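First the structure, in the form of structure tokens, and then the observations on it.
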Amino acid sequence: MSGLPETHPADGLGPRRRYRTDAPAAGRPSRWGEAPTGAATGLQSDSGEVQGDASVLLDVRDLSVVYESAGQTAVQAVDHVSFQLRKGEFVGLVGESGSGKSTLGYALTRLQKPPARTNGGSIVFAGKDIRDLDDEALRQQRQGGFAMVLQSGMNALNPVRTIRNHFIDVFKAHGHVSRDRWDARMKELIEKVKLPTSMLARFPGELSGGMRQRVSIALALSLEPQLMVFDEPTTALDVLVQHAVMDTIIELQRTEGFTAILISHDLGIVLEATERVLVMHEGRIVEDGGSREILRDPQDEYTQMLLSHYADPRAEVVSLPGFPDRSLRAEAGEKRQETTSSFSTVGSRERSAARNPIVVDHIVKTYPAPRRGEQPVQAVRDVSFTLEPGQSLALVGQSGSGKSTIAKLLTGVEKPTTGTVRFGDLDVARLGKRGLRDLRSEVQMVFQDPYSALNPLHTVEYTLSRPIANYTGLTGRDARRRVLELLETVGLTPVEQFAQKLPHQLSGGQRQRVVIARALASDPQVIIADEPVSMLDVTLRAGVLALLEDLREQWGVSLLYITHDLLSARLITDDIMVLHEGAVVERGHTAEVLQNPQDPYTIALLDAVPNPRRTLMEGRP
């Protein structure tokens, strides 16, 4: 946000602010010469105390943050942002990747590191400007002041230290819990986030993603903060775990009484959870208002665009930007024909459509007990299905349901304990090294995380040229021509420029397109896409999903789409299987199953899907 907001009638839903975007350039004083409406104005004493409205916990004025790296153009990530938070308020901060929302969160909690630098404005917390606090004063301020829960629970925790030791580290650093109360306090905190106290003896790698995120929340709570900043706390979690984590956050905010900022790219989650929403775009806050008000009448075009990417997968007609309307009648009664006669020229060869089915027959996969005295883990329980040539099949379930294990069995990475997986006439479990190499030229994976799926030291051209050389034998100019054709196929143009880029120079959506291009390099008959859009913004998701849909129809490949996102399954797949605890609990045409679910687990998955408009209709706060 920049400049002076205009205050609009509240209609009983709270104040609406629309912000002017003609802010002064970084480093120049604001020409408005006054604080935003409702801001806590006051004078600052020599000690840094600011006198103002006692109900205001956080007052941010004209805050700017720039990224300055040697030899590179400076990037103004946060541009003259101003807002205030009152005590006990729960506010959402939403925007796409690159909007500046996480940078703003790090700046508010003084966690930003070079090359990020705050280059203007003030951050007044509990009456004190914290921008210039030294390390010791900042450490003291964090105790009972503010804390941040980081995006990735695994990255936020030390993998070689137990959860108990993480709590001890915090207690030692801040000295706010006496040694004789350490055990009681950590048990109290772990129970507050709805985890058993036995988790204290575990290492982070032994916990699920949702459990790790709950531990991060408990560690932040140990400081008894007045302000909690949650940075994408549910990213990459399945809908049920995501729903449970958000319920825990909401309950803690109400019972503990802290002020909270929920940073997310998912406007649906934010609107369902928070009382007020700040929408951030290109470093500025473009809209600020009550959650229900923004849902009912969004003012900014960017907010309207974000809302347009939500739909109910149970609706008779589902429509999103970039997709034609998907009606129940058309999907169920007129199942799309397999594309076996449409080819695209690749190099000097004609692209052949999928011709071999994958037949899965009563597979079981059991892993040894993780610890002495525990039971073996049965990851897959008597699963059977056939992926026909040209078919698109969604495999849906929460984390731990067996989806990714089935993908490993199909690609020969794992062998079933019992049962068979056949690709055409081949028994996948019996293939040797050469046989597996040939199989993987026909069955390719698109991985979940586009950030870890690409080698950061290799250009896009090199990344794509390796499977081309390995599986097609093309080298030199022919290989380069093939690389450029693949980049054009996945919509990365101008192709010459993208071929020379490194992964860090690409957005998340562009990286995932490179991963898809790499999967296509061997001319596969089958693509297994394992949660390919779970880490992307809603607008980037639509582009990647549309690409997968187009490739299936134009190339005739079979698609096994593994996801916990029922809306995306509705958009791009013909059929669906719902997995729960390793077993298939429901299957059928995608639209029919989602429109009329029979199993309680399928119903629970659907109920957990963020749906802002359902929130408005049901009258929830």
Side-chain angles (χ1 to χ4, degrees), residues 338 353-367 377-449 453 467 471 515-516 518-532 534 548 551-552 555-564 569 572-585 587 590:
E338 298 165 9
R355 57 192 178 276
N356 290 319
I358 291 181
V359 180
V360 177
D361 186 24
H362 296 288
I363 57 170
V364 172
K365 181 61 180 179
T366 303
Y367 292 98
V377 177
Q378 196 165 18
V380 180
R381 303 167 184 262
D382 194 25
V383 171
S384 299
F385 65 91
T386 299
L387 180 64
E388 299 288 355
Q391 181 188 11
S392 58
L393 172 65
L395 201 56
V396 172
Q398 67 185 115
S399 298
S401 62
K403 308 186 304 294
S404 295
T405 301
I406 289 176
K408 293 175 183 177
L409 296 173
L410 267 57
T411 53
V413 175
E414 300 269 8
K415 294 184 179 181
T417 306
T418 61
T420 59
V421 176
R422 303 190 71 86
F423 176 68
D425 295 330
L426 301 175
D427 185 340
V428 173
R430 295 179 178 273
L431 296 177
K433 288 184 178 180
R434 175 169 290 187
L436 285 173
R437 182 181 181 280
D438 292 341
L439 172 73
R440 289 167 189 163
S441 70
E442 302 288 359
V443 181
Q444 278 286 315
M445 287 280 296
V446 174
F447 298 98
Q448 176 176 355
D449 185 357
Y471 293 116
V515 175
I516 293 171
R518 182 175 61 187
L520 294 172
S522 64
D523 289 355
Q525 295 187 48
V526 179
I527 289 180
I528 300 174
D530 188 4
E531 301 276 12
S534 65
L548 288 172
L551 290 173
R552 189 182 74 83
W555 286 48
V557 295
S558 307
L559 175 66
L560 181 65
Y561 181 63
I562 298 172
T563 186
H564 63 258
I572 70 169
T573 63
D574 300 322
D575 301 289
I576 191 170
M577 289 197 325
V578 182
L579 277 176
H580 181 45
E581 295 182 349
V584 178
V585 296
R587 69 174 81 203
T590 304

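Only a predicted model underlies this, so the values are computations on that prediction, with no experimental measurement involved. Heads up: numbering here begins at 1 and tracks the sequence.
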Exam field: side chain [X] to backbone [Y], donor-acceptor pair closer than 3.5 Å:
| X | Y | result |
| --- | --- | --- |
| Ser558 | Gly390 | yes |
| Thr417 | Thr366 | yes |
| Ser522 | Ser441 | yes |
| Gln378 | Val364 | no |
| Thr573 | Leu393 | no |
| Thr590 | Asp575 | yes |
| Gln525 | Arg355 | yes |
| Arg381 | Glu581 | yes |
| Lys403 | Gln398 | yes |

Check [X] against [Y] and note the closest heavy-atom contact, atom names and distance.
| X | Y | result |
| --- | --- | --- |
| Tyr471 | Arg437 | CE2-O, 3.5 Å |
| Gly412 | Leu436 | CA-CD2, 4.0 Å |
| His362 | Asp382 | ND1-OD1, 2.7 Å |
| Leu579 | Ser401 | O-CB, 3.5 Å |
| Ser534 | His564 | CB-CE1, 4.1 Å |
| Pro532 | Val446 | CB-CG1, 4.0 Å |

Would you please test Leu431 and Leu439 for side chain to side chain contact (heavy atoms under 4.5 Å, CB included) and show each step?
CA-CA 9 Å; Leu431 296 177; Leu439 172 73; 4.0 Å; yes
Working to the nearest 0.5 Å, report the span between [atom1] of [X] and [atom2] of [Y].
| X | Y | atom1 | atom2 | result |
| --- | --- | --- | --- | --- |
| Tyr367 | Glu414 | OH | CD | 3.5 Å |
| Ile363 | Leu409 | CD1 | CG | 5.0 Å |
| Phe447 | Ile516 | CZ | CD1 | 12.5 Å |
| Thr411 | Gln444 | OG1 | CD | 9.5 Å |
| Arg422 | Asp427 | CZ | CG | 5.0 Å |
| Lys408 | Met445 | NZ | CE | 9.0 Å |

Would you please test Asp438 and Leu426 for side chain to side chain contact (heavy atoms under 4.5 Å, CB included) and show each step?
CA-CA 11 Å; Asp438 292 341; Leu426 301 175; over 6 Å; no
Beyond-backbone contact of [X] with [Y], side-chain heavy atoms, under 4.5 angstrom:
| X | Y | result |
| --- | --- | --- |
| Val584 | Phe385 | no |
| Leu551 | Leu520 | yes |
| Leu387 | Leu410 | no |
| Val413 | Arg440 | yes |
| Lys415 | Arg430 | no |

Can Val428 and Val443 be said to form a side chain to side chain contact (heavy atoms under 4.5 Å, CB included), step by step?
CA-CA 11 Å; Val428 173; Val443 181; over 6 Å; no
Just checking, is any N or O donor in the side chain of Ser404 or Asp530 under 3.5 Å from an acceptor N or O on the other one?
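Looking only at side-chain atoms, Asp530 and Ser404 do form a donor-acceptor pair, the distance falling under 3.5 Å.
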Establish, from distance only, whether the side-chain atoms of Gln391 and Asp574 form a donor-acceptor pair under 3.5 Å.
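No, Asp574 and Gln391 have no side-chain donor paired with an acceptor closer than 3.5 Å.
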For a side chain to side chain contact (heavy atoms under 4.5 Å, CB included) check, start with the C-alpha distance between Ser384 and Val360, then their side-chain angles and the critical distance, and finish with the verdict.
CA-CA 5 Å; Ser384 299; Val360 177; 5.5 Å; no
